[in-house]
Amino acid sequence: KGDERMPGKKEYIRINPADSVAVALQPLAKGTDIILDDVQFALLEDIPQGHKFALHTIEEGEPVIKYGNPIGHAKVNIPQGSWVHVHNMKTGLGDLIAYTYHPEKKDIKKRKPDEFMGFRRVDGSVGVRNEIWVIPTVGCVNSVAEKIAELSRKYCQGSVDTVVAFPHPYGCSQMGEDQENSRKILADLINHPNAGGVLVLGLGCENSGIDILKQYIGDYDGERIKFLNAQDCDDELEEGVRAVRELSAYAGTFKREPIPCSELIIGMKCGGSDGLSGITANPTVGGFSDLLISRGGTTILTEVPEMFGAETLLMNRCENEQLFDQTVHLINDFKNYFTSHNQTIYENPSPGNKKGGISTLEDKSLGCVQKSGTAPVKGVLAYGERVKNKGLNLLSAPGNDLVASTACAASGAHIVLFTTGRGTPFASPVPTVKISSNDRLYNKKNNWIDFNCGELVKEKSVEELSQKLYEYVLKVASGEKVKAEEAGFHDMAIFKQGVTL
């Protein structure tokens, strides 16, 4: 049972030798004997799974150390063996910071790329799915897009997986950068190689209509992309289905073929985190990232607000000073976004995060950036900007699960890896691999979770699980469906920043 101590499992862990707290890997009762190399004591109170306890007395005002870094300060004296959480510690972060570049050069050993079975498009790009996407230019035609997709699925031909609509509430009554965001994201999805064919469905009177979007799409293959304005036809459903049938006939001719994994782009995101996320799931994804990058592949780390407090670790891994400067802007621009809306920068951990054992934004961020592995930062991307450089990229997007995962897809990710300690059924425009941080979640929500990192609480190593995840991702890239796909889930969301007219 989840509330009982389980024999054969590790009970607690000190992540870094410098840490002043350890983390309970399973629920620990008051009076439990704690024995580490240099300390021995009994717990003064019950410690829930994923939560922290003090390894020695932490005086009021002193930093609380986890992952070898401060995650906040003690609000009161915290005795050895006490539960350490929001009731007795607080964030130590301020507002804007003057950053200094202290490069840490870490090279990833090069390996020969493995292969997966993907779809090579006419323009040379690569997809891991062969779907037909119906993309509305404006929310007014969302229901029409969904109906066209529903009516068209029976006409899928050849290698076409399915027909999917991506409704959204944008495309009109927007101004400035807010409207630009919508146009860029829609164009990115229209050009995404996981779609073998795309029907762009417009209304005919919206701000971000088809003629405008064509400027953002650029050169396109007329066999792969078709356009339809609902106001211009007698029966938009009939004409929409006819267009999708033509797209399916075209896309159905593509066949999977061997492709080096150096062409894979993988997004990395976490949500509904718990106290084990930064110990099990996120380090496993970090190990995966290093494995893929060592074979010439690309990963994208996003959710900028969840880098606050750990950003210097990423800045110092930037390959050059120009990337460092771009990362400083990435961080400070998001802080200014918060303050411009009169919001507190560092009040981030959600109620679910806190219940799972995360006490401050530093706590969350230091666990979050574990997903980045050890590779140098090779690129820094604006929201809606597509990947140009192989290796690790940082992407500007908020922490919201669906918005950030959509942003990864728009920047070119073929697949998104999503780590979680609490679980979620959501999907994104691309296959979204749910990775649990604990056994309980994996066993309870097996219809949501694709990969379990709770095994690390037993005797599995991060290296073993990272290799296992790498092999699983290649299977997904080759066509194995994730749980969200099996359920028929496909979601998307655009970052809303401006006023609505």
Side-chain angles (χ1 to χ4, degrees), residues 118-138 145 149 159-168 170-171 179-202 206 208-228 243-244 246-248 250-251 253-254 259 263-267 298 300 302 379 381-390 393 395-397 403-416 428-432 477 490-495:
F119 296 97
R120 178 73 69 183
R121 302 301 180 194
V122 173
D123 64 0
S125 63
V126 170
V128 303
R129 292 293 182 269
N130 196 32
E131 300 170 339
I132 306 298
W133 290 359
V134 182
I135 298 181
T137 64
V138 64
S159 60
V160 172
D161 298 309
T162 188
V163 183
V164 181
F166 288 109
H168 62 86
Y170 304 119
Q179 187 162 242
E180 284 294 298
N181 283 346
S182 294
R183 292 170 177 174
K184 287 189 291 187
I185 296 299
L186 292 176
D188 287 338
L189 294 181
I190 291 165
N191 286 325
H192 200 289
N194 278 12
V198 179
L199 172 61
V200 181
L201 178 66
E206 63 273 25
S208 295
I210 286 173
D211 288 340
I212 295 292
L213 270 186
K214 283 182 178 179
Q215 300 172 30
Y216 289 77
I217 295 166
D219 294 336
Y220 64 90
D221 179 353
E223 288 189 279
R224 181 183 169 274
I225 302 177
K226 295 189 179 298
F227 301 91
L228 177 65
V244 172
E246 293 174 3
L247 290 167
S248 183
Y250 165 74
T253 62
F254 287 90
I259 294 173
E263 298 198 48
L264 270 181
I265 304 171
I266 307 296
T298 301
I300 304 171
T302 188
L381 305 171
Y383 180 73
E385 184 179 2
R386 295 185 66 82
V387 165
K388 304 180 189 69
N389 302 320
K390 288 185 178 292
N393 286 256
L395 168 63
S396 179
V403 172
S405 297
T406 299
C408 283
S411 287
H414 298 105
I415 296 168
V416 170
S428 78
V430 298
T432 307
H490 295 79
D491 302 315
M492 69 93 79
I494 298 171
F495 188 18

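Across all their heavy atoms, G171 and E206 have their closest contact at O-CB, 3.7 Å. Minimum heavy-atom separation, V134 to A145: CG1-CB, 3.7 Å. For A251 against S159, the heavy-atom pair with the smallest separation is O-OG, 3.6 Å. Between L247 and G197, the closest heavy-atom pair is CD2-CA, 4.1 Å.
At least one donor-acceptor pair closer than 3.5 Å links the side chain of T302 to the backbone N or O of L395. Checking side-chain atoms of T406 against main-chain N and O of I494 turns up no donor-acceptor pair under 3.5 Å.
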Determine whether N130 and R121 satisfy the following criterion, side chain to side chain donor-acceptor pair (under 3.5 Å), listing intermediate values before the conclusion.
CA-CA 10 Å; N130 196 32; R121 302 301 180 194; 3.0 Å; yes
For I217 and F227, run side chain to side chain contact (heavy atoms under 4.5 Å, CB included): C-alpha distance rounded to whole Å, both residues' side-chain angles, the deciding distance at 0.1 Å, then the answer.
CA-CA 12 Å; I217 295 166; F227 301 91; 4.0 Å; yes
Applying side chain to side chain contact (heavy atoms under 4.5 Å, CB included) to M492 and L189, what does each step give before you reach the verdict?
CA-CA 10 Å; M492 69 93 79; L189 294 181; 3.4 Å; yes
Let's go through E131 and V163 carefully: what are the C-alpha distance in whole Å and the side-chain angles of both, what is the deciding distance for side chain to side chain contact (heavy atoms under 4.5 Å, CB included) to 0.1 Å, and is it a yes or a no?
CA-CA 6 Å; E131 300 170 339; V163 183; over 6 Å; no
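Ring orientation note: the planes of F254 and Y250 are nearly perpendicular, at an angle over 60° on the 30°/60° scale.
With no hydrogens or angles considered, no side-chain donor-acceptor pair links Y383 and E180 at under 3.5 Å.
The closest side-chain heavy-atom distance from V200 to K226 is not below 4.5 Å. A heavy-atom distance below 4.5 Å is found between the side chains of I212 and R183. Side-chain atoms of L199 and I132, non-hydrogen and from C-beta on, never get closer than 4.5 Å to each other. In this structure the side chain of P193 reaches within 4.5 angstrom of the side chain of H414, judged on heavy atoms.
In this structure, OG1 on T298 lies 9.5 Å from CD1 on I266, to the nearest 0.5 angstrom. With rounding to the nearest 0.5 angstrom, the CG atom of L186 is 11.0 Å from the OH atom of Y216. The line from CD1 of I135 to CD1 of I225 is 8.5 Å long, rounded to the nearest 0.5 Å. Summarising the geometry, atom NZ belonging to K184 is positioned 13.0 Å from atom CZ belonging to R386; distances are rounded to the nearest 0.5 Å. For the atom pair N181 CG and Y170 OH, the distance stands at 10.0 Å (nearest 0.5 Å). Rounded to the nearest 0.5 angstrom, R129 CZ and T162 OG1 are separated by 11.5 Å.
Among the candidates D161, V164, V430, the single residue satisfying the side chain to side chain contact (heavy atoms under 4.5 Å, CB included) test with N194 is V430.
Residues passing the side chain to side chain contact (heavy atoms under 4.5 Å, CB included) test with A477 are F116, V128, L264, I415, sequence neighbours excluded.
If you look at W133 and H490, their ring centroids are not closer than 6.0 Å.
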